Structure formats: structure tokens, C-alpha cells
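Quick caveat: nothing in here was measured; it's all calculated off a predicted structure.
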Amino acid sequence: MKPRDIMLAVAVAAAWGCNFVAIEVGLDRMPPLLFGASRFALAAFPAVLLIGGPRTPWRWVLGIGLVLGVVKFSLLFAGMAAGLPAGLSSLLLQSQAIFTTVFAVALLRERPGLRQWAGLAVAVLGVGLVASRLGADRPVEGFVLVLAAAVAWSVSNIMMRRAAPPDMLRFMVWVSAVATLPLFALSLLVEGPTRVGAALSGLDLSGLGALAYIAGISTLAGFAGWGVLIKRYGAATVAPFSMLVPFFGMSSAALFLGEPLQAGDVIAGALVIGGVLLGASGGGRAAAPAVGEPARHAASHEPDQRLVVAGCRVASGA
């Protein structure tokens, strides 16, 4: 990679990592479902009116919009609102790679290699270390919700693998549009019109800035930059840069939110990130395609790298 493109990859990872700080700021001012709905509304409009169709079958746009946009981000924001620190959330969310591998074996009949299984075991050990350190400042409820968000993310990764959108920025704008109305409806139903109205009327510059950052920089600019890099260098080359997201997430949370960065968190982070990277370099084998499925899926010898990249494109947590 050219130095300027390396800098772009690092900048995107930094934007996605710092995004967890913006989420924390936004959740201090808005309830989780309303915050998610507002984020997707700003990411989708007016962009969806200018970019044309998604260039992907609508069943995938609708399905991923609901699983990724509604389920995953609702769980993530709820987990952080329940008290799980922003930095730890950015790390725990990377456990999506664990569940993605398991679902790929069960649903896509992919056959990970020994190195991939070893990486999976190392990453699981890291998540276990995070779980062992739960307490008053790291509530179990928040841990479970963010871990469930990682599971939802992994399901969307499988769907993304099958959808194979040719233009990720265009695709994610439409996914954002799909997620907007269901999230607003859920917010009114669960959080109530009174709370929604109070949050919107009392929104200050910090809250608006958090929404602008998440929608404009993390979502639109981040996906655009990542898409350019994928086209230039391919998934296998660009994917490892996404593992910088928890580094920037934990360090920015410590710097801007005053979250303590403890030795156990650093060790857990090294295990999760190291395990994911080890698994991504394992080169597992894909099964034969189902009837009617394009042969290019079977010809690929980097299935899990492609899955990791599909998830990392929404690594903003983001």
C-alpha cells in the first residue's frame, strides 16, 4: 500500500474507534432507540435521494437493514446506556468475528483451518477475561447486551457475504434508510412520546455534534474511504487495519471520557485482536456453492477474511 493509503486506512480506523466516544456523548442526551434512529436518519437523508438505487437485491437491503441497523445497533446502544464503558464496548464488539466463524461453518458450510480455530480460541479467551472483570462499573446487563449486538452483527456478516454489494457506501446509505422508520417507531413505543419529545427539544450542541460525527464522519466518510481502499487493494490487504478500531476506541475513551485503562483490559484486547488476526490469516476453505449460487463464492480461498471485512465496514459501532 502507498503511504497515503496507509494513512487513510489508519484515519478510518481512528474515526471508527473515536466513534464510541461520540456514542457515549449522544447517549447522555438521548435514549438509545431515539439516538439510533436519529443517527440513521442523518446518514440516509438526503444522501439516499442523490445516489440512486442500492445495486443489490432488495431482500438483502431490507434484511440487513433490520438485523444490522435495528437489532445490532439497538442492542449496542442499550448496552452502553446500561453502563458498559465505551472503550470496553469497542473491544467486546469485535467478538463478532467469533460468532461469524461459527455461523459460517453452520450456515455456509465453510471449513476453517487449524490456524483459524486457534485464533477463535484465543479470541474467546479474551472475551472470557472481559467477562471475569464485570462489576459495579461494568454491569452484566451491559456486557450481555453488547455481546448480543456482536451476535447480531455476525448474522448480518453472513447476509453481507451472500449479498456481496458492489458499492458499500451506496448500500449502507440504503440500509440506514431502511433502519430509520422502525427505530423511530420502536422509540415512540418503548421510550414513549414524552421522553422522545423532551430529548429532541433539549438537544444541545454536544448532542448535535455527536450525531453529526456518527452520521457524517464515521458512516459516510468512513465507508467512502474504506470502499476506495477495498477497490484498490482488496479485502485481505485492508481488513487487518480494522483491528485498530478497539485500540482507538479504548485510548480515546481514556483520553476524552476519563475511562481507566487497566492492565487486564489491555491483555483482553490483545487476545481478542490477536485471535481475530490469527484467524483472518488462516485461509480456510469454502464449501461448494448451493444450486444457483455464483461459483465465485466457491473459488474464494479467503472466506473468513471477506466476512471480517464485511463486518469491519460497519465497525464504527459504530
Side-chain angles (χ1 to χ4, degrees), residues 13 16-21 23-24 27 32 71-106 112 114-155 157 240 242-282 304 308 311-312 315 317-318:
W16 284 344
C18 295
N19 191 56
F20 286 85
V21 173
I23 293 173
E24 192 74 32
L27 290 174
V71 178
K72 180 246 182 173
F73 282 102
S74 295
L75 291 169
L76 172 65
F77 291 173
M80 293 180 64
L84 195 70
L88 202 59
S89 297
S90 71
L91 171 62
L92 184 59
L93 202 60
Q94 296 306 316
S95 64
Q96 58 83 20
I98 300 171
F99 300 110
T100 298
T101 301
V102 173
F103 288 142
V105 171
L114 181 60
R115 183 179 298 180
Q116 288 169 309
W117 284 119
L120 185 69
V122 172
V124 169
L125 185 61
V127 174
L129 181 58
V130 173
S132 70
R133 297 171 57 81
L134 297 178
D137 59 338
R138 302 173 177 207
V140 174
E141 178 186 0
F143 173 86
V144 172
L145 286 168
V146 174
L147 195 64
V151 174
W153 185 5
S154 69
V155 173
N157 285 347
S242 68
M243 290 298 101
L244 292 173
V245 172
F247 166 78
F248 286 112
M250 297 177 75
S251 58
S252 63
L255 180 63
F256 296 111
L257 300 177
E259 293 183 0
L261 192 58
Q262 302 175 6
D265 298 334
V266 175
I267 295 172
L271 289 171
V272 172
I273 295 171
V276 171
L277 288 176
L278 179 62
S281 65
D304 286 315
V308 170
C312 292

Sub-4.5 Å side-chain heavy-atom contact between L278 and L120
no

pair L134-E141: side-chain heavy atoms closer than 4.5 Å:
no

Where the side chain of E259 meets the backbone of G87, is there a donor-acceptor pair that is under 3.5 Å apart?
yes

Within a reach of under 6.0 Å around CZ of F247, are more than 12 heavy atoms found that belong to other residues, nucleotides or ligands?
no

List the steps, then state whether side-chain contact (heavy atoms from CB on, under 4.5 Å) holds for W16 with L244.
CA-CA 9 Å; W16 284 344; L244 292 173; over 6 Å; no

Hits for side-chain contact (heavy atoms from CB on, under 4.5 Å) against P32, two or more places apart or cross-chain, chain-then-number order -> L27, F77, A81, E191

Distance col, row N157:CG vs T100:OG1, nearest 0.5 angstrom, shows 4.0 Å

With heavy-atom distances below 4.5 Å as the criterion, would you say the side chains of V272 and S95 are in contact?
no

When you measure from the side chain of S74 to the backbone N and O of V71, does any donor-acceptor pair fall under 3.5 Å?
no

Indicate yes or no: at least one non-hydrogen side-chain atom of L93 is less than 4.5 angstrom from one of K72.
yes

F20 and M80: side-chain contact (heavy atoms from CB on, under 4.5 Å), yes or no, with the steps?
CA-CA 9 Å; F20 286 85; M80 293 180 64; 4.1 Å; yes

A quick test of your reading: do over 12 heavy atoms of other residues, nucleotides or ligands sit less than 6.0 Å from CD of Q262?
yes

Which residue, L91, V266, L255, forms the side-chain contact (heavy atoms from CB on, under 4.5 Å) with M250?
L91

I267 and L129, any side-chain heavy atoms less than 4.5 Å apart:
yes

